[in-house]
Amino acid sequence: MLLQRHTPSLRPLTTAHLAQTMTLLELTTAELRQRIEAELSSNPALELIEETRCPGCGRILSERKLCPLCSQPKFTTSEEPIVFLSSREDFFTHDRALTSEEDNSEDDYTSSSEELPAYVLRQIAPELNPDERVIAAHILTSLNEDGLLTITPAEIARYHFIPSYKVEKIIRLIQRAEPLGVGSQTPQEALLVQLEVLGETRPVPALAPLAIREGFDLLSRRRYIELGRLLNISSTQAREIACFIGDNLNPYPARMHWGENISSHPTGSNLPHVYYSPDIIISRLNDKQDTPLIVEIALPIRGTLRINPLFREAIQQAPEGKMEQWKADMEHASLLVKCIQQRNHTIVRMMQRLVVFQRQFILYGDEYLLPITRAALADELELHEATISRAVSDKAVQIPNGHIIPLARFFDRSLHIRTTLKKLIEHETLPLSDADLATMLAKEGYPVARRTVAKYRAMEGILPAHLRLRPQSL
DNA sequence: CTATGGCACGGATT
DNA sequence: AATCCGTGCCATAG
């Protein structure tokens, strides 16, 4: 509340200003960082002044303030989240790992808006010649959100007029990059690749590949008896194989990327465990029930950006021909600085409200997510809905349990219903039909159509009732 | 006959 | 204006 009032009013001055604020808003912090670095090296009017660390905790802050955490925490109520801009290590580790490695010789295809394709490409780029990189980029941008390939190698081959074995060769390379199995066409294929790589460092069940290849649908239906028959082993052994697969492999390579399981990184992997760097980190101040939440919003760069005062003075005596240019640079720089401030301001305000509203969700999980639309939030904050949309898009948030989730999940309209549905099915004694589940959900206060239950089930990867035996296993 | 998945329509959301 | 989502209707599998 107070924060907002005291912030100097950042009124949009020109349409250019407005337009740029908009575009900056939808950038990820990492993307914005690149953008600023580029500007910094090309524009002499822009200057980066040394970082200001909080004397208390060492966090790097936007302004010469004491970090809100260290300035005498007098917070007693959970109503007030502590929101501030900071740039601690977590915000940087990720892309340092990437940028330090290879050059970034303006390959236009690496600047895709998604991080996953770029991430993978960086890993394999050294092994490819320029032509192959184009193919690889094509493949990587054709992945769905699970990290599976949505088109066939033949299509790519045809598009580039090359034999398809070349495409397949590149795909094989991609599959062996992190996340393992990415770029496969089917879940099976992904599993097989993972199995293969895993097998190089430690023993794996000999029959596992066969189980995946031949008995994949039995596997996913948990039909262990039939699976056992197929493989000529007992159902117990079949179950063991299934467990191994479930514990160590992931049919949707990209999903691991979004947090969920921090525990299951393959042993011996020297790759960073944080795949997507968060734009925002939410943590709790203490372990008490009513602990205030701490929201740290990533600054795109360390230190503070400003117009170089020397440049400002020098402009008076600019050489004849340069005057125009210098003035333009000044304009440009100050615009950028203002826009970044505005971007931060918007995100701060948004998170401030959002964290209060979704507190239960942040602390206790999916089940407590309250449905809210971007439009409603925009209304409360007196911002345009498009603004919120942009601010939300592509951002990642780290929540107190360590998972990194897309900010968009805060606006998921049905997550809470889906999780209660999952619970219902987990606790069921005998398989319930979709219709049954629909009535049960209605009793819980979620009136949804039978057809919708089916869809939620599918989203959660739960099988239909008649394929669901329910003895044990986790 | 019942339980599900597919297709497609309309309204909400972005 | 484009997209997403819940739902109803219908075909199909069990």
Side-chain angles (χ1 to χ4, degrees), chain A residues 18-19 21-28 31 113-114 141-146 150 186-187 216-218 220-223 225-226 254-255 258 279 343 346-347 349-351 353-354 357-358 361 366 369-397 405-422 424-426 428-470:
Chain A
L18 209 72
T21 313
M22 285 295 151
T23 40
L24 290 188
L25 197 55
E26 61 189 329
L27 294 180
T28 304
E31 291 162 345
S113 62
E114 274 295 311
T141 48
S142 308
L143 300 177
N144 66 15
E145 57 186 8
D146 292 330
T150 52
T186 62
F216 187 66
D217 59 322
L218 296 178
S220 50
R221 293 182 200 182
R222 301 179 199 281
R223 293 281 182 89
I225 304 146
E226 291 175 49
R255 284 199 190 170
W258 285 108
D279 299 287
R343 176 184 185 273
T346 308
I347 298 180
R349 284 226 299 151
M350 183 178 73
M351 289 314 294
R353 182 73 192 94
L354 212 46
F357 187 76
Q358 299 289 23
F361 162 69
D366 293 352
L369 181 76
L370 300 172
I372 182 174
T373 65
R374 293 158 171 78
L377 188 66
D379 199 52
E380 272 188 54
L381 297 177
E382 297 181 304
L383 292 167
H384 192 73
E385 27 187 87
T387 312
I388 299 289
S389 268
R390 291 169 193 280
V392 168
S393 76
D394 284 338
K395 307 289 189 302
V397 186
I405 59 174
L407 181 55
R409 187 166 310 171
F410 282 65
F411 298 89
D412 195 309
R413 273 175 278 172
S414 57
L415 189 63
H416 54 139
I417 308 187
R418 292 208 304 275
T419 32
T420 38
L421 176 69
K422 238 188 333 195
L424 283 178
I425 295 178
E426 263 167 34
E428 80 190 353
T429 33
L430 83 177
L432 296 158
S433 78
D434 287 352
D436 297 334
L437 290 166
T439 28
M440 292 186 67
L441 280 175
K443 276 182 199 149
E444 301 265 339
Y446 305 125
V448 286
R450 183 235 101 214
R451 189 65 190 76
T452 311
V453 174
K455 290 227 162 169
Y456 288 167
R457 223 176 10 76
M459 280 190 209
E460 298 296 335
I462 302 170
L463 291 160
H466 57 278
L467 298 176
R468 240 188 287 136
L469 291 183
R470 204 84 286 279

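In what follows, every heavy atom counts, from backbone to side chain, and hydrogens, waters and symmetry copies are set aside. The chains referred to below are lettered A, B, ... by the order of the sequence lines, with proteins before strands, and numbering in each begins at 1.
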Worksheet item: What's the verdict on side-chain contact (heavy atoms from CB on, under 4.5 Å) for M350(A) and K395(A), showing C-alpha distance, side-chain angles and the deciding distance?
Response: CA-CA 13 Å; M350(A) 183 178 73; K395(A) 307 289 189 302; over 6 Å; no
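- Within 4.0 Å of Y456(A), counting heavy atoms only, lie sugar-phosphate atoms of the nucleic acid but no base atom.
- In this structure, R457(A) contributes its side chain and D434(A) its backbone to no donor-acceptor pair below 3.5 Å.
- Look at CZ on R390(A): it is 15 Å from C1' on dT13(B), rounded to the nearest Å.
- Rounded to whole Å, the distance from CG on L432(A) to C1' on dA3(B) is 13 Å.
- Side chain of R343(A) to main chain of L27(A): a donor-acceptor pair is present (N/O by atom type, distance under 3.5 Å, no hydrogens or angles).
- One can place CD1 of I372(A) at 12 Å from P of dT13(B), the figure rounded to the nearest angstrom.
- Minimum heavy-atom separation, S414(A) to Y456(A): CB-OH, 3.1 Å.
- Atom C1' of nucleotide dT2(B) and atom NE2 of H466(A) are separated by 11 Å, given to the nearest angstrom.
- Close approach of DNA chain C to chain A, defined as any atom under 4.0 Å from a non-hydrogen atom of the protein, starts and stops at dC5(C) to dC9(C).
- Residue R374(A) contributes atom CZ, which lies 8 Å from atom C1' of dT13(B) at whole-angstrom precision.
- Atom CG of L377(A) is separated from atom C1' of dT14(B) by 14 Å (rounded to the nearest Å).
- A distance of 6.0 Å or more separates the ring centres of F361(A) and H416(A).
- Between R451(A) and D436(A), the residue anchored nearer the 5' end of DNA chain B, judged by the nucleotide with its closest heavy atom, is D436(A).
- Protein atom NZ of K455(A) is 9 Å distant from nucleotide atom C1' of dG6(B), rounded to whole Å.
- How far CG of L24(A) is from CZ of R390(A): 11.0 Å, rounded to the nearest 0.5 Å.
- Within the 4.0 angstrom heavy-atom criterion, no nucleotide atom of any strand lies near S393(A).
- The nucleotide whose nearest atom lies closest to any side-chain atom of R413(A) is, among dT14(B), dT13(B), dT4(B), dT13(B).
- Distance from the side chain of S433(A) is smallest for dT4(B) among the nucleotides dT13(B), dT4(B), dA8(B).
- The interatomic distance linking D379(A) (CG) with dT13(B) (P) rounds to 13 Å, in whole Å.
- Taking OH of Y446(A) as the reference point, atom CZ of R418(A) lies at 12.5 Å (rounded to 0.5 Å).
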